[in-house]
Amino acid sequence: MTFLFALAAGAAIGNLYWAQPLLGFIADDLHTATATAGWLVTATQVGYAVGVLLLVPLGDVLDRRRFVPVMLLTSAAALLLCALAPSIGVLLLALGALGATTISGQVLTPLAGDLAGDAQRGRIVGVVGSGTLAGILASRTISGLVAGAAGWRTVFGLAAVVAVLLAVLLYRTIPPLAPRAQMRYPQLIASVGTVVMRERAARWTLVLAATGFAAFSLFWTALTFLLSGPPFEYPVAVIGLFGLVGFAGVLSGLHGGRLHDRGWSLPATGTAWVLALGAFVVATFAGRSVVLVIIVIIVIDVALQTQALLNRARLFALSHEARSRLNTALAAGNFIGAAIGSAAATTLWSVRGWTAVTSTGTALCCFALIVWALGAVVRS
């Protein structure tokens with residue numbers, strides 16, 4: 001069941017990234033400008049933000065054995081519409097709908113936390129979370145390979161088939177579970193903020209999580225600029241291979257959850273941020289060394305993905321009846337942090353290049369360590 005949850009979570013989050021490497025293909029096929037096609041990514045992300053805020057909280061009040069397959073089937077319909085879209089306008093609407101409905105992973109992760117025992121929750125949540133990260137990393141590569149062989153529409157068609165298959169498997173696998181809470185929908189949405197404000201540990205954990213995603217997005221966005229310019233000047237295909245190094249973060253997630261289960265969540269989180277801080281310092285001197293770049297990628301991915309996993313496991317331990325709402329707050333904060341990190345990378349690169357990026361990453365790590373230390377003091 002854990003493997004199936006991880007696979008489904010990865011497939012769901014992968015739907016957000018199928019179009020990213022295909023913008024040129026799509027623009028040519030639909031006879032539109034590449035700049036216009038760039039809005040496809042924005043439409044998907046905006047739709048996803050809406051889905052996280054308005055649909056993920058329903059995991060606390062609905063039977064997830066039915067809710068998850070329904071969302072997968074809905075996303076399959078959106079994927080099919082993407083595959084058949086006759087114009088860029090229809091494709092924009094279809095991708096917006098896809099983003100809003102491909103939230104199964106954000107429901108499955110707290111569900112895994114519910115099904116796991118206290119002694120195994122960190123490990124199980126870590127495996128499912130690693131599936132999500134693997135989906136993000138693998139989707140762009142799979143998309144490019146399939147589109148190159150059979151066209152961009154085939155990518156969305158195959159993804160629709162996978163979503164239907166996963167819906168059937170999950171319906172047969174997820175045990176019947178009574179809803180964790182009973183309340184009207186407006187009250188449910190409003191209670192997301194109430195739950196966060198009620199739990200002090202949730203507030204500083206959410207700040208840590210958002211900071212982690214900001215640093216992660218800052219680094220990876222700027223890394224593309226670094227590798228495409230002098231002295232490296234790598235082509236896009238080679239730059240994409242550096243993403244495979246990021247699977248080190250997936251492997252750390254598979255085992256990092258055990259740290260939470262052993263009661264080492266707080267010290268392990270602090271250690272992860274110290275490692276990230278050291279990696280950003282080393283990154284300052286990596287502007288001309290591909291070996292240092294690879295080392296920095298591995299350390300930053302392991303450190304930031306480990307702290308992200310530990311943050312999620314701690315949140316799920318706070319409240320058994322509000323895990324989906326806590327996950328909504330976590331996903332929303334991560335989304336905001338990632339958006340800020342990407343925007344900051346572009347701005348900083350235009351000002352002082354790689355040095356400005358690594359200095360900002362170092363500052364983010366120092367800020368996170370201060371938040372962590374204050375949170376550890378409060379908790380103790």
Side-chain angles (χ1 to χ4, degrees), residues 5 8-9 11-17 19 39-79 81-82 92-114 128-129 132 135-136 163 166-167 170 174 177 179-199 202-203 206 209-210 213 312 315-316 318-319 321-340:
F5 278 25
I13 200 70
N15 288 336
L16 300 176
Y17 299 96
W39 285 100
L40 297 173
V41 176
T42 303
T44 311
Q45 296 290 349
V46 170
Y48 184 66
V50 172
V52 165
L53 292 172
L54 300 184
L55 296 178
V56 172
L58 291 170
D60 285 334
V61 298
L62 296 179
D63 180 359
R64 285 162 290 183
R65 182 170 181 259
R66 297 179 181 274
F67 180 46
V68 172
V70 166
M71 296 313 302
L72 281 167
L73 291 175
T74 307
S75 66
L79 284 163
L81 181 57
C82 290
L92 278 167
L93 291 175
L95 283 172
L98 176 62
T101 55
T102 189
I103 46 88
S104 303
Q106 297 298 341
V107 179
L108 285 170
T109 307
L111 174 58
D114 288 346
V128 177
T132 300
I136 294 173
L166 288 171
L170 286 168
I174 298 173
L177 291 173
R180 291 291 187 177
Q182 293 183 348
M183 60 183 71
R184 295 180 182 276
Y185 182 72
Q187 182 184 2
L188 174 72
I189 300 302
S191 68
V192 173
T194 303
V195 171
V196 171
M197 295 308 296
R198 183 181 68 202
E199 303 287 350
R203 297 196 293 273
L206 290 171
F213 266 79
R312 190 184 299 272
L315 279 179
F316 289 174
L318 294 177
S319 174
E321 82 280 356
R323 286 194 178 115
S324 287
R325 281 168 285 171
L326 285 170
N327 200 48
T328 296
L330 178 67
N334 291 347
F335 183 87
I336 294 170
I340 292 174

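- For L73, the side-chain contact (heavy atoms from CB on, under 4.5 Å) partners are V164, A167, not counting sequence neighbours.
- Sorted by first then second residue, the salt bridge (charged side-chain N to carboxylate O under 4.0 Å, His left out) pairs that include residues 103-114, not counting sequence neighbours, are R64-D114, D114-R180, D114-R323.
- Atom CG of L166 and atom OG of S104 lie 9.0 Å apart (nearest 0.5 Å).
- Between atom SG of residue C82 and atom CG of residue L92 there is a gap of 10.0 Å, rounded to the nearest 0.5 Å.
- Taking CZ from F67 and CG from L177, the interatomic distance works out to 14.0 Å, rounded to the nearest 0.5 Å.
- Evaluation of the side-chain contact (heavy atoms from CB on, under 4.5 Å) rule for A210 yields no partner, not counting sequence neighbours.
- With V107 as the fixed residue, the side-chain contact (heavy atoms from CB on, under 4.5 Å) test singles out one of N327, T328, L62, V68: V68.
- Looking at every heavy atom in both residues, T132 comes nearest to A9 through OG1-CB, 3.5 Å.
- Listed by first then second residue, pairs satisfying salt bridge (charged side-chain N to carboxylate O under 4.0 Å, His left out) with a partner in residues 43-61 read D60-R325, not counting sequence neighbours.
- Annotation: the span from M71 atom CE to L108 atom CG amounts to 11.5 Å, rounded to 0.5 Å.
- Shortest non-hydrogen contact noted between A12 and G105 is CB-N, 3.9 Å.
- Not counting sequence neighbours, the partners of T102 by the side-chain hydrogen bond (donor to acceptor under 3.5 Å, both in side chains) test are N15.
- Contacts of E321 classified as side-chain hydrogen bond (donor to acceptor under 3.5 Å, both in side chains), with partners at least two apart in sequence or in another chain: S319.
- Residues T101 and A78 share a closest heavy-atom pair of OG1-CB, 4.4 Å.
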Checklist entry - Run the side-chain contact (heavy atoms from CB on, under 4.5 Å) check on L170 and F5 step by step: do they pass? => result CA-CA 8 Å; L170 286 168; F5 278 25; 3.8 Å; yes
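- Once rounded to the nearest 0.5 Å, the distance linking CG of L206 with CG of L315 reads 5.0 Å.
- Sorted by first then second residue, the side-chain hydrogen bond (donor to acceptor under 3.5 Å, both in side chains) pairs that include residues 65-75, not counting sequence neighbours, number zero.
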Do any side-chain atoms of residues 43-58 form donor-acceptor pairs under 3.5 angstrom with protein atoms, and if so which ones, sequence neighbours left out?
unit_1	atom_1	unit_2	atom_2	d
T44	OG1	L40	O	2.8
Y48	OH	Q106	NE2	2.9

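- Between the CZ atom of F213 and the CD1 atom of I336 there is a distance of 12.5 Å, given to the nearest 0.5 Å.
- Between L330 and A209 the shortest heavy-atom distance is CD1-CB, 3.4 Å.
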